[in-house]
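Quick notes on the structure that follows.
Letters go in sequence order (proteins before strands), and every chain restarts at 1. Scope of the values below: all heavy atoms of this structure, side chains included, with no hydrogens, waters or symmetry mates.
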Number of protein chains: 2
Amino acid sequence: MGEQRPGGEALLFLTDEQLRKGIEAMFFAYRGFTADPDRILAEHGYGRAHHRAVHFINRTPGMTVNNLLEILGVTKQSLNRVLRSLVEDGLVQSRIGTHDKRERHLFLTDTGKALEQALSEAQRHRMRAAYRAAGPEAVVGFRQVLEAMMDPEQRHYFARQAGRDKA
Amino acid sequence: MGEQRPGGEALLFLTDEQLRKGIEAMFFAYRGFTADPDRILAEHGYGRAHHRAVHFINRTPGMTVNNLLEILGVTKQSLNRVLRSLVEDGLVQSRIGTHDKRERHLFLTDTGKALEQALSEAQRHRMRAAYRAAGPEAVVGFRQVLEAMMDPEQRHYFARQAGRDKA
DNA sequence: AGGGTACGTCAGCCTTGTTGACATTCCAAG
DNA sequence: CTTGGAATGTCAACAAGGCTGACGTACCCT
C-alpha cells in the first residue's frame, strides 16, 4: 500500500493511510470536543441539541426560527421540541416579529446567557489548550482543512460571518 | 473584547472570537465529514454506530468485543445491538477465542469489507479533497490540533497505532 | 471450589432525529 | 377583498442509538 499514486509527486499526505488517520482523528477529537459541554448539559437535563440552539441564538440574537433551522439542518419538529423546553425553562425568549408577525425572533434570557457562557467556557477551555499546544501555524492549517471539509452551503454561512474578526 | 490578555504576546489566535470560530468550524466540518457515509448507510438501513464498528473491525481484524467497547466508548448493550445486526446480516463474523474462549474475535466478511470500502471511499474522497485544497502544511496543523483536542486515553490509543505510517 | 471476567440478552427509559397531517396567522399578489 | 402560500406551532407515531439495571452462561485463574 506504499505508492498507489505514481508520478513521483510529493503527495505523501494524501495516502490512504494518512487519510484514514485523519478520519480517526476527526472521530476522536469530536468526542473530546463535545465531552465537557455534555457533562454540563447532563446536569441540567439537556442534550447537545439544546447546546446547539443556545449557541447560535447567542451568536445571532433575534434570529428567526427558520434561520436557525437552516443552520442546524434539522426538521422544525425536532427543533421545536428543543426550543419549547428552553422557552418553558426561561432560557430563551421568543418574540413575535414586528415587521412580519409570523416570524419568531429568538433571544437568550439572562439565565440562557449564563448557561451559554458555562458551556462555551468549557469548550473554549479545551480549544484554547489545543490551540496553545499546537501553535498558531497549526491553527491556521486546522481551520483551512475544516473549512474545506464542509458542505458548500455550510462553508458559505461560515465564511460569510467570518468577517467579524479581522483575520 | 479586543485585548483581554495583557503582556503583549502575539496570541491573537487565542481570542474568544477565534476560539468560537474554531468551535463552529468543528461543528460544520463534522457534519460534512459524516454526510457522505450517512447517505450510504441509510441505503442499507444502518446508522453511524454500524459505521464505527465496521471501521474499527476493519482496522484491527480479530479485535475482541471488549477492545471495541473501549475504543467506541459506549455500553456493551448498545454495541451488542449493532454487532448483532451486523452478524445477522453477514457483514461481521464473531469467532470464539482460542486462547480464552470467553472472548469473541471480530472479523469482517467479504460483504462487510465491501461496505467498509464503500463507506471509507466516500469519506476519504472528501478528506482527500480537503487535504488537497489546504495543502500539506495545513494537514500537519490540522492533525496536531485534533490530537491535542482528544481526551488523554483516546489520544493514547490514537498515537499508539500511529506507528503504522512513517510520518 | 469459587471469584472475577467476558459476553450476551431482556426490559425499560431518554434524547433526538424522522414523516405526515393539520391549524393558525398573516403577508402579498391578484 | 379574497386567496395562495409562507412561517410557525403542534399532535402523533416511529426509529436509531445512547443509557441503566439485572441476570445468565461460560470460562479463566487462584
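B:Lys101 comes within contact range of the sugar-phosphate backbone alone, with a heavy-atom separation under 4.0 Å but no base atom that close. Residue contacts shown for B:Gly73 are limited to sugar-phosphate atoms, with no base heavy atom under 4.0 Å away. B:Arg84 comes within contact range of the sugar-phosphate backbone alone, with a heavy-atom separation under 4.0 Å but no base atom that close.
Rounded to whole Å, atom P of C:dG8 lies 11 Å from atom CG of B:Leu68. A straight line from CZ of B:Arg48 to P of C:dT16 spans 14 Å, rounded to a whole angstrom. With rounding to whole Å, B:Tyr46 atom OH is found 17 Å from D:dA15 atom P. D:dG18 atom C1' lies 13 Å from atom CG of B:Leu69, rounded to whole Å. Rounded to a whole Å, the CG atom of B:Asn67 is 13 Å from the C1' atom of C:dC7. For the pair B:His50 NE2 and D:dA15 C1', the computed distance is 12 Å after rounding to whole Å. Counting to the nearest Å, the P atom of C:dA28 and the CD atom of A:Glu103 are 10 Å from each other. The nearest whole Å value for the distance from the NZ atom in A:Lys76 to the P atom in C:dG20 is 13 Å.
Relative ring orientation between B:Phe142 and A:Phe142 is described as parallel, the plane-to-plane angle staying below 30° on a 0-90° scale split at 30° and 60°.
Ranked by how close their nearest DNA chain C nucleotide is to the 5' end, A:Asp100 and A:Gln77 are led by A:Gln77.
Here the two rings, on B:Phe27 and A:Phe33, have centers that are 6.0 Å apart or farther.
Residue A:Asn66 places none of its side-chain N or O atoms closer than 4.0 Å to OP1 or OP2 of D:dA6. Taking side-chain N and O atoms only, A:Thr75 has a distance below 4.0 Å to OP1 or OP2 of C:dT18. Put simply, B:Arg52 has a side-chain N or O that comes within less than 4.0 Å of OP1 or OP2 on D:dG18.
With hydrogens and angles ignored, no donor-acceptor pair under 3.5 angstrom links the side chain of A:Arg81 to the base of D:dG9.
No side-chain donor-acceptor contact under 3.5 Å links A:Arg104 and A:Thr64. At a cut-off of 3.5 Å, with distance as the only test, no side-chain donor of B:Gln123 or B:His55 sits close to an acceptor on the other residue.
Out of D:dA26, C:dG17, C:dC7, the shortest distance to the side chain of B:Arg102 is found at D:dA26.
Note on A:Glu147 versus B:Lys21: no salt bridge recorded, every NZ/NE/NH1/NH2 to OD/OE distance being 4.0 Å or above.
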